[in-house]
Colleague: 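The structure's right below; bear with me while I get my questions together.
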Amino acid sequence: MFCFLELISFLSEISVSVVTILSRSHADRNVYPSAGVLFVHVLEREYFKGEFPPYPKSGDAGNDPITFNTNLMGYPDRPGWLRYIQRTPHSDGVLYGSPTAEHVGKATVIEITAYNRRTFETARHNLVINIMATEEFPLPYQAEFYIKNMNVEEMLASEVLGDFLGAVKNIWQPERLNAINITSALDRGGRVPLPINNLKEGVYVMVGADVPFSSCLREVESPHNQLRCSQEMEPVISCDKKFRAQFHIDWCKISLVDINRVVPVYITRPDPGTGILPEFGEYDPPSESLKTRDYFSDFLITLAVPSAVALVLFFILGYSMCCRREGVEKRNMQTPDIQLVHHSSIQKSSKELRSMSKNREISWPLSTLPVFNPVSGEVVPPIHPDNYETTSMPLMQTQTALLCAWCSAALTCCSLCSLLTKEIVMSCQPFGGWR
């Protein structure tokens with residue numbers, strides 16, 4: 001009985017812990033931002049660590065990588081005015097944006113899902129954003145600064161943003177000053193910086209005030225500074241030293257807007273109507289019995305006509321190649337007799353020279369004689385066999401002299417000289433050449 005009571009108490013403790021985890025994971029948090037004022041909500045990792053059940057295996061649970069997924073309830077993404085950033089799984093996530101007057105009075109429920117990348121556990125809770133209206137919205141004078149040495153998550157920190165608003169208030173001296181919006185330079189078409197020299201992405205910060213712009217902010221509009229900006233040089237601003245210690249501002253990209261002078265543009269849209277299509281009568285589907293179609297004409301056009309054209313071209317090509325040949329007899333009849341005799345004599349002389357070169361007897365060069373090995377006494381056979389073709393061997397000096405003398409005495413046609421090889425012509429140079 002005692003063991004049974006202990007078991008019941010243990011199960012009750014487990015059920016209470018489970019209920020506690022579920023209730024914490026589905027708890028709603030309410031925030032009340034103002035329209036036209038920058039809204040920043042930090043998703044702290046420490047807050048979600050208690051949402052996960054204890055992990056049985058050993059490990060440093062305090063350094064678990066945690067990522068977040070945020071979306072509007074019932075939709076796959078966030079509202080258009082709300083952005084989210086988390087640089088690494090070991091850093092906190094940040095929701096930020098600037099709600100407009102269109103969202104006043106509408107409760108925006110954001111579902112936040114936390115993922116523990118070590119235990120693969122998830123936790124979820126809802127963030128209810130109740131946008132409030134403000135009397136000073138919108139502030140009439142708005143200035144946008146581009147800070148080069150900051151990332152957006154660094155600028156969203158309350159201490160850093162407070163220091164920047166303090167520096168702006170020091171040079172502007174307004175009664176009311178609010179941060180309206182913060183945008184990463186990557187969202188404006190900027191390039192991802194190289195991971196060298198601690199380069200930053202850059203961030204645009206828009207602030208609003210209730211008094212006109214100070215003379216220091218107006219200095220960037222002077223012709224001298226505009227010329228320096230066009231030449232990609234830094235303008236000369238007297239109050240830049242108040243920012244230089246912590247913020248590097250690109251004064252050429254500053255934007256000063258007076259919304260009292262901005263001409264509103266109204267877009268007239270047509271009446272969308274009731275959404276009901278006008279009456280066009282009953283739908284008449286096509287008949288079930290479709291008419292047969294004759295494809296013979298299509299066959300003639302696509303197959304027969306190209307085949308006929310190809311056949312005609314084949315006969316024309318065959319006639320021009322086979323039936324229009326002159327032949328050897330017709331060619332000889334149209335050739336002058338003296339040219340035929342000249343050609344015949346050249347052929348006979350070339351044949352005689354070839355027969356003489358084949359029948360000549362020459363001594364083998366030393367490189368082709370058998371080689372005697374003084375160590376083993378073995379006789380190495382010559383490089384060339386006995387049936388080696390001797391027509392390609394170089395002529396000896398005596399044979400070359402006899403051949404040149406015979407050619408100069410027997411040949412009277414200069415055309416034969418063109419048929420001799422370059423080797424024979426060069427060999428005849430020491431014997432006076434051709435006469």
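Note: hydrogens, waters and symmetry copies are ignored here, and every other heavy atom, side chains too, is used.
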Colleague: Might you point out which heavy atoms bring Leu186 and Val192 nearest each other, and give the distance in Å?
Modeller: CD2-N, 3.8 Å

Colleague: Identify the heavy atoms of Leu177 and Pro174 that sit nearest to each other, and give their distance.
Modeller: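 Between these two residues, the closest heavy atoms are CB-CG, 3.9 Å.
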
Colleague: Does Glu221, at its CD atom, have more than 12 non-hydrogen atoms belonging to other residues, nucleotides or ligands within less than 6.0 Å?
Modeller: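 Enclosed.
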
Colleague: So do Ile129 and Pro33 actually touch side chain to side chain, heavy atoms under 4.5 Å?
Modeller: yes

Colleague: Rounded at 0.5 Å granularity, tell me how far NE2 in His103 sits from OG in Ser98.
Modeller: 10.0 Å

Colleague: Just so I know, are the side chains of Ile110 and Leu82 near enough to count as touching, which here means a heavy-atom distance under 4.5 Å?
Modeller: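 Side chain of Ile110 against side chain of Leu82, heavy atoms only: contact under 4.5 Å found.
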
Colleague: Have Asn116 and Asp64 got a donor and an acceptor in their side chains that come within less than 3.5 Å?
Modeller: yes

Colleague: Run the numbers on Arg293 and Asp298 for salt bridge (charged side-chain N to carboxylate O under 4.0 Å, His left out), then give the verdict.
Modeller: CA-CA 11 Å; Arg293 182 179 176 182; Asp298 297 338; 3.6 Å; yes

Colleague: Given side chains that start at C-beta, do those of Phe243 and Ile147 come closer than 4.5 Å, heavy atoms only?
Modeller: no

Colleague: Do the non-hydrogen side-chain atoms of Thr183 and Arg188 ever get within less than 4.5 Å of each other?
Modeller: yes

Colleague: Without swapping roles, check the side chain of Trp81 against the backbone of Tyr96 for a donor-acceptor pair under 3.5 Å.
Modeller: no

Colleague: Run the side chain to side chain contact (heavy atoms under 4.5 Å, CB included) test on Leu156 and His41 for me, step by step, so that the C-alpha distance in whole Å, both residues' side-chain angles and the decisive distance to 0.1 Å come before the verdict.
Modeller: CA-CA 9 Å; Leu156 289 173; His41 180 76; over 6 Å; no

Colleague: Find out whether Leu38 and Ile182 are in side-chain contact, i.e. whether some heavy atom of one side chain is under 4.5 Å from a heavy atom of the other.
Modeller: yes

Colleague: Evaluate the criterion side chain to side chain contact (heavy atoms under 4.5 Å, CB included) for residue pair Asp240 and Trp251; output intermediate values, then yes/no.
Modeller: CA-CA 9 Å; Asp240 180 59; Trp251 292 98; 2.6 Å; yes

Colleague: Which of these, Ile85, Val152, Val203, sits in a side-chain contact (heavy atoms from CB on, under 4.5 Å) with Ser184?
Modeller: Val152

Colleague: Distance from Asp92 atom CG to Arg87 atom CZ, nearest 0.5 Å?
Modeller: 13.5 Å

Colleague: Mind listing the closest non-hydrogen atom pair of Ile66 and Ala114 along with its distance?
Modeller: CG2-CB, 4.2 Å

Colleague: Would you name the heavy atoms of Pro140 and Ala209 that are closest together and state the gap between them?
Modeller: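 So the minimum-distance heavy-atom pair works out to CD-O, 3.5 Å.
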
Colleague: So that I know where these two stand, are Phe164 and Phe145 an aromatic pair - ring centroids less than 6.0 Å apart?
Modeller: yes

Colleague: Tell me whether the count of non-hydrogen atoms from other residues, nucleotides or ligands lying under 6.0 Å of NZ in Lys169 goes above 12.
Modeller: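 Check fails, neighbour count at 12 or below.
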
Colleague: Near His90 NE2, under 6.0 Å, is it more than 12 heavy atoms from other residues, nucleotides or ligands?
Modeller: yes

Colleague: Does the pair Glu153 and Lys200 meet the rule for a salt bridge (charged side-chain N to carboxylate O under 4.0 Å, His left out), with working shown?
Modeller: CA-CA 11 Å; Glu153 70 275 7; Lys200 303 293 184 178; over 6 Å; no

Colleague: Any heavy-atom pair between the side chains of Leu139 and Arg176 that's under 4.5 Å?
Modeller: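 A side-chain contact under 4.5 Å exists here.
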
Colleague: Under 4.5 Å between any side-chain heavy atoms of Leu161 and Met155, yes or no?
Modeller: yes

Colleague: Can you tell me how far apart OH (Tyr32) and CD1 (Ile131) are? Round to the nearest 0.5 Å.
Modeller: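 Rounded to the nearest 0.5 Å, the OH-CD1 separation comes to 12.5 Å.
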
Colleague: Centroid separation under 6.0 Å, is that true for the rings of Phe48 and His125?
Modeller: yes

Colleague: Taking all atoms of both residues into account, what is the closest heavy-atom pair of Tyr75 and Asn71, and its distance?
Modeller: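 Taking every non-hydrogen atom into account, O-ND2, 2.9 Å.
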
Colleague: So, the side chain of Gln173 versus the backbone of Asn170: is there a donor-acceptor pair under 3.5 Å, distance only?
Modeller: yes

Colleague: What's the separation between atom CG in Leu43 and atom CG in Leu127, rounded to the nearest 0.5 Å?
Modeller: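 Rounded to the nearest 0.5 Å, the CG-CG separation comes out at 8.0 Å.
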
Colleague: Assess the pair Tyr115 and Phe68: is the distance between their ring centroids shorter than 6.0 Å?
Modeller: no

Colleague: Any sub-3.5 Å donor-acceptor pair from Asn225's side-chain atoms to Glu219's backbone N or O?
Modeller: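 Yes, the answer is positive, given that a donor and an acceptor are paired below the 3.5 Å cut-off.
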
Colleague: Please check this pair: side chain of Arg228 against backbone of Pro223, looking for a donor-acceptor N/O pair closer than 3.5 Å.
Modeller: no

Colleague: Tyr146 vs Ile249, test: side chain to side chain contact (heavy atoms under 4.5 Å, CB included). Steps then yes/no.
Modeller: CA-CA 6 Å; Tyr146 176 60; Ile249 298 178; 5.9 Å; no

Colleague: Taking Asn69 for its side chain and Thr113 for its backbone only, find out whether a donor-acceptor pair lies under 3.5 Å.
Modeller: no

Colleague: To the nearest 0.5 Å, tell me how far Lys148 NZ sits from Lys253 NZ.
Modeller: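 Reported value, rounded in 0.5 Å steps: 8.5 Å.
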
Colleague: Side chain to side chain contact (heavy atoms under 4.5 Å, CB included) between Ile171 and Lys242: does it pass, once the steps are laid out?
Modeller: CA-CA 8 Å; Ile171 64 172; Lys242 298 183 179 180; 3.6 Å; yes

Colleague: Taking all non-hydrogen atoms of both residues into account, name the closest pair between Glu201 and Ala185 and its distance.
Modeller: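 It is O-CB, 3.2 Å.
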
Colleague: Quick check on Gln231: does its CD atom have over 12 non-hydrogen neighbours (other residues, nucleotides or ligands) under 6.0 Å away?
Modeller: yes

Colleague: Hey, does the side chain of Asn149 reach the backbone of Gln246 with a donor-acceptor pair shorter than 3.5 angstrom?
Modeller: yes

Colleague: Is there side-chain contact between Leu72 and Asp77, with heavy atoms separated by less than 4.5 Å?
Modeller: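 Side-chain contact under 4.5 Å: no.
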
Colleague: Do any N or O atoms from the side chain of Asn178 and from the backbone of Ile180 form a donor-acceptor pair under 3.5 angstrom?
Modeller: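 Judged by distance alone, no pair lies under 3.5 Å.
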
Colleague: Under a 3.5 Å cutoff, is there a donor and acceptor pairing between the side chains of Gln86 and Tyr84?
Modeller: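 Distance-only check passes for Gln86 and Tyr84.
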
Colleague: Rounded to the nearest 0.5 Å, what separation is found between the CD atom of Gln142 and the OG atom of Ser255?
Modeller: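 The CD atom of Gln142 sits 9.0 Å away from the OG atom of Ser255.
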
